[in-house]
Amino acid sequence: MPELPEVETTRRGIADAVIGRTITAVSIRERRLRWRVAPGFEAQLVGQRVISVARRAKYLLIGLERGTVLVHLGMSGSLRVLPAAAAVKPHDHVDLQLSSGHVVRYNDPRRFGSFHYVTGAAEEHQLLASLGPEPLHDEFDALHLRRLARGRRIAVKQFIMDSHVVVGVGNIYASEALFRAGVRPGRAAGRLSGAQVAGIVAAIKAVLSEAILQGGTTLRDYVNTDGLPGYFRQKLFVYERAGEPCRNCGTAIRSRVQGQRATYWCPECQT
DNA sequence: ATGGGCACCTGGCTGC
DNA sequence: TGCAGCCAGGTGCCCA
């Protein structure tokens, strides 16, 4: 489910509710997430005040007084801020009880998400240490992408979804960015022109920024911290639109499986 | 190093 | 109606 815009929307949604509050209790109903939640996780959090809520790639970093909680939403995870007494629903796996009387509740049907508690510099944690640049930061530019693409035969769509190249570009926004850049997803990354690389960088930044403004994309499960969907779906040009007319030229959108993921493109607008 | 494929898991939809 | 099969916003790991 969540790509960078959905995670960023979640970050903004929980920030005001948690910053300055103390975690008074942690309850875990299901420890078997992508990785089993470590024994002692609850005890390490309880009593600590929340200092910050940041994001790195698709990870949320909940900064506490003595450490950081690393949360990943996987494919189907979401965090909501609810009154402490709110009824528990299926797949509500983790609760962070706050001194405000609210609870940050993690729901994840597929259990591909994760929770870690990290002491010391969170960015040095194994899961974060080798990640590429943030797509919306200045260090992600045409020069960077061109340098990494040199000699690579991998399809450009899989290339921009590689977290060593740039983080946060998932299956929806990879197709959408390549449509905007006018580049076919199967093109070899190393054979793109400088102008195409620059166009892809600009398109990634634009599509992610716009999606954040719309609160992300809801296809199936995703909801923000208030339980509401994201509205970017209406702005999608190609994703899950196979056979439908291109919004630009009317040609039927095509799809195929690439790297075990569905890919969508317009055969007329993308070369 | 690079690229490809698998695994983890549940739920919703399709078609027989 | 029932059920098998397929598909889904991610990503770490193993293999050639």
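- The pair A:R180-A:E176 does not count as a salt bridge, with every side-chain nitrogen at least 4.0 angstrom from each carboxylate oxygen.
- Checked against B:dG11, C:dA8, C:dG12, the side chain of A:R34 finds its nearest nucleotide in C:dG12.
- Between A:F112 and B:dC8, a base-stacking contact is recorded: ring centres under 5.5 Å apart, planes less than 30° from parallel.
- With hydrogens and angles disregarded, no donor-acceptor distance shorter than 3.5 Å links the side chain of A:R153 to the backbone of A:G190.
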Let's go through A:H72 and A:R34 carefully: what are the C-alpha distance in whole Å and the side-chain angles of both, what is the deciding distance for side-chain contact (heavy atoms from CB on, under 4.5 Å) to 0.1 Å, and is it a yes or a no? CA-CA 9 Å; A:H72 198 291; A:R34 169 119 204 235; over 6 Å; no

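- Within 4.0 Å of A:Y59, counting heavy atoms only, lie sugar-phosphate atoms of the nucleic acid but no base atom.
- No hydrogens or angles were tested; on distance alone, nothing pairs the side chain of A:R153 with the base of B:dT2 as donor and acceptor under 3.5 Å.
- Projected onto DNA chain B by closest heavy-atom contact, A:Q260 and A:G151 fall at different nucleotides, the more 5' of which corresponds to A:G151.
- For A:R247, the CZ atom is densely surrounded, since the number of other residues' heavy atoms within 6.0 Å is greater than 12.
- B:dC6 and C:dC6: their P atoms are spaced 14 Å apart (whole Å).
- Between A:Y173 and C:dG10, a side-chain N or O to OP1/OP2 separation shorter than 4.0 Å is absent.
- Of the listed nucleotides (C:dA8, C:dG12, B:dT2), C:dG12 has the atom at the smallest distance from the side chain of A:L127.
- Residues A:R32 and A:G259 both approach DNA chain B. Their nearest nucleotides, taken by heavy-atom distance, put A:G259 toward the 5′ side.
- Taking atom CG of residue A:D162 and atom P of nucleotide C:dT11, one finds them 11 Å apart after rounding to whole Å.
- In this structure, A:W35 atom CH2 and C:dT11 atom P are separated by 9 Å, rounded to whole Å.
- Taking side-chain N and O atoms only, A:H72 has no distance below 4.0 Å to OP1 or OP2 of C:dG10.
- One atom, CG of A:D108, and another, P of C:dA8, lie 18 Å apart when rounded to the nearest Å.
- Which of C:dG12, C:dG10, B:dC9 sits closest to the side chain of A:K58 comes down to C:dG10.
- Comparing A:H164 and A:L219 by the nucleotide of DNA chain C whose heavy atom lies nearest to each, the residue mapping closer to the 5' end is A:L219.
- Distance, A:Q158 CD to C:dT11 P: 15 Å, rounded to whole Å.
- The side chain of A:H91 approaches B:dG11 more closely than any other nucleotide in the set C:dA8, B:dG11, B:dC9.
- For the pair A:I62/A:L45, no side-chain contact is recorded, criterion being any heavy-atom separation below 4.5 Å from C-beta on.
- Checking C:dA8, C:dG12, C:dT11 against every side-chain atom of A:E240, the shortest atom distance belongs to C:dA8.
- In this structure, the CE atom of A:M75 is 14 Å from the C1' atom of C:dC6, given to the nearest Å.
- Classification of the A:Y106-A:F115 ring pair by plane angle, with boundaries at 30° and 60°, yields perpendicular.
- B:dC9 makes up no base pair with any nucleotide shown, lacking Watson-Crick or G-U wobble contacts both under 3.5 Å.
- Per the geometry, CG belonging to A:L33 stands 15 Å off P belonging to C:dT11, to the nearest Å.
- One P atom belongs to C:dC3, the other to B:dC9, and the distance between them is 23 Å to the nearest Å.
- Counting only heavy atoms from C-beta on, A:S163 has its side chain closest to C:dG12 among C:dC13, B:dT10, C:dG12.
- Regarding contacts with the backbone of C:dA8, every side-chain N or O of A:R110 stays at 4.0 angstrom or more from both OP1 and OP2.
- Between A:R220 atom CZ and B:dC9 atom C1' there is a gap of 15 Å when expressed in whole angstrom units.
- For the pair A:R261 CZ and C:dG12 C1', the interatomic distance rounds to 14 Å; values are reported in whole Å.
- The local environment of CZ in A:R29 is crowded, with over 12 non-hydrogen atoms from other residues, nucleotides or ligands closer than 6.0 Å.
- Contact annotation: A:R111 reaches the phosphate of B:dT10 (side-chain N/O to OP1 or OP2, under 4.0 Å).
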